[in-house]
2 protein chains.
Amino acid sequence: MAKPVQTSEERPLDAIDQRLVRLLEEDGRMSNAMLAREAGIAESTCLVRVRSLRERGVILGIHADIDPAAVGRPVQAMIAVRFGGHRRSHFEAFRDEVPRLPGVIGAYHVSGATDYLVHVAAESADALRDFVLDHLTNRPGVLHAETALIFESLRGDGPLT
Amino acid sequence: MAKPVQTSEERPLDAIDQRLVRLLEEDGRMSNAMLAREAGIAESTCLVRVRSLRERGVILGIHADIDPAAVGRPVQAMIAVRFGGHRRSHFEAFRDEVPRLPGVIGAYHVSGATDYLVHVAAESADALRDFVLDHLTNRPGVLHAETALIFESLRGDGPLT
DNA sequence: ATTGAAATAGCGTCAAT
DNA sequence: ATTGACGCTATTTCAAT
């Protein structure tokens, strides 16, 4: 999951940075000591490099991955939202607000007939319908919202590098 | 992002568990000591509760969120895959293999005309096309793959609870 | 930028409740 | 299940390279 960002594509990561990224991708709570050991550098160096990776925006954050069903949101959906008119202000408002809508896991501004895909976890089918009506269909500029239930959602487990 | 899981929806989380989940969702590297302070419990208790949350599958994992562009994959796409025949074996094979395909961030088995949505980050437009041809279109059982470029991808930042 | 060392802080086991 | 205390390990700063 990524930032708004047009990351300035700084100089490419060296082998050690890549290693650190991969390790933290796999286990975001791995201790600095173990990271250093695995990467073959001193602990203090490791600290500096990981901080730098965060500052440079390579590591956007480290987050617990929560099972929505276990926290009362067993119904997941991907909602395809189409805008009418395509006024820039509509997109900007949507972009600013959609991450904070209740149950939103992610949202993707895409090319093609659909403008946005919104990944949401809801308490029930009823709650999902309410979400779509209240926050999407009802929104100025939105022409249509098409909801697809998610039967199963999988995380990529290969390293990105 | 969630597991295959049909989580047995154990007894609902109490207020402290919810707090811990929310804290780790926001900052997966928060120290046990600070977690305990924020949740108002002893450090040792906190350790036990977090372990339990993992064992119960509430916390699926803790992972660094990497900017794909910063690791050489600046082109993101959501690919809608449609299967023909809908043989169970095709779905099962796909489910097992798709998380390990290069650059796959996530995949969603959905209802409707599309069967799977595959979220991928590629090195270039060419590499994206190759990915689709090699791993999706070319796959037994796959009828069609429709690629939508992702202009921007946003993470939900409200708590799930 | 990387390092080792030293001081500080955190982790995790345990016996008790 | 929760706790405080204790021994151990990890983090982080810093002066030096």
Side-chain angles (χ1 to χ4, degrees), chain A residues 5 7-72 159-161, chain B residues 5 7-72 159-161:
Chain A
V5 81
T7 315
S8 49
E9 190 60 51
E10 7 240 336
R11 65 168 152 269
L13 309 183
D14 68 17
I16 290 171
D17 283 336
Q18 288 185 8
R19 189 86 179 268
L20 294 174
V21 163
R22 235 177 320 114
L23 289 164
L24 285 172
E25 221 176 344
E26 198 179 321
D27 176 9
R29 260 186 111 75
M30 183 175 289
S31 78
N32 182 70
M34 184 168 293
L35 281 171
R37 258 178 267 131
E38 296 276 333
I41 55 179
E43 295 178 17
S44 44
T45 309
C46 192
L47 225 46
V48 170
R49 289 187 86 121
V50 172
R51 234 199 311 269
S52 162
L53 287 168
R54 294 185 98 128
E55 278 159 8
R56 285 186 281 164
V58 177
I59 296 174
L60 298 168
I62 298 183
H63 306 282
D65 180 18
I66 303 302
D67 178 9
V71 294
L160 239 44
T161 49
Chain B
V5 79
T7 315
S8 51
E9 190 59 53
E10 8 241 337
R11 65 167 154 269
L13 309 184
D14 68 18
I16 291 171
D17 283 336
Q18 288 186 9
R19 190 87 177 269
L20 294 174
V21 163
R22 237 178 316 116
L23 290 164
L24 285 172
E25 222 175 344
E26 199 179 320
D27 176 7
R29 259 185 111 75
M30 182 175 289
S31 78
N32 183 69
M34 182 167 296
L35 281 172
R37 260 179 267 132
E38 296 276 333
I41 54 179
E43 295 179 18
S44 44
T45 308
C46 191
L47 226 45
V48 171
R49 289 187 86 123
V50 172
R51 235 201 308 267
S52 163
L53 286 168
R54 294 185 97 128
E55 278 160 6
R56 285 187 280 165
V58 177
I59 296 173
L60 297 168
I62 298 183
H63 306 282
D65 180 18
I66 304 301
D67 178 9
V71 294
L160 240 44
T161 50

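All chains are named by letter (A, B, ...) in the order of the sequence lines, taking the proteins before the strands, and each is independently numbered beginning at 1. Hydrogens, waters and symmetry mates are skipped; everything else that's a heavy atom, side chains included, is used.
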Which whole-number value in Å describes the distance from [X] [atom1] to [N] [atom2]?
X: A/Met34; N: C/dG12; atom1: CE; atom2: C1'; answer: 15 Å
X: B/Arg54; N: C/dG12; atom1: CZ; atom2: P; answer: 11 Å
X: A/Asn32; N: C/dC11; atom1: CG; atom2: P; answer: 13 Å
X: B/Met30; N: D/dT11; atom1: CE; atom2: P; answer: 16 Å
X: B/Glu38; N: C/dG10; atom1: CD; atom2: P; answer: 13 Å
X: A/Glu43; N: C/dA5; atom1: CD; atom2: P; answer: 12 Å
X: B/Glu55; N: D/dA1; atom1: CD; atom2: P; answer: 12 Å

Look at the side chain of [X] and decide which nucleotide, out of [options], has an atom nearest to it.
X: B/Thr45; options: C/dG10, C/dC11, D/dT2; result: D/dT2
X: B/Ala33; options: C/dT3, D/dT3, C/dG10; result: C/dG10
X: B/Arg29; options: C/dC11, D/dT11, D/dT13; result: D/dT11
X: B/Ser44; options: D/dA5, C/dG4, D/dT12; result: D/dA5

Checklist entry - Which distance, rounded to the nearest 0.5 Å, do you find between the CG of A/Leu23 and the CG of A/Leu35? => result 6.0 Å
Next on the checklist: To the nearest 0.5 Å, what is the distance between CG on B/Leu20 and CD1 on B/Ile41?
Outcome noted: 5.0 Å
Next on the checklist: If you assign each of A/Ile41 and B/Leu47 to its closest nucleotide in DNA chain C, which residue comes earlier from the 5' end?
Outcome noted: A/Ile41
Item to check | Side-chain heavy atoms of B/Val50 within contact of A/Arg29, under 4.5 Å | outcome: no
Item to check | Non-hydrogen side-chain atoms of A/Arg49 and A/Asp17 separated by less than 4.5 Å | outcome: yes
Next on the checklist: Just N and O in the side chain of B/Arg51: are any of them under 4.0 Å from OP1 or OP2 of C/dC11?
Outcome noted: no
Checklist entry - Mapping A/Val48 and B/Arg49 to their closest nucleotides on DNA chain D, which lands nearer the 5' end? => result B/Arg49
Next on the checklist: If we count only N and O atoms by modelled type, under 3.5 Å, do the side chains of B/Ser52 and B/Arg56 hold a donor and an acceptor together?
Outcome noted: yes
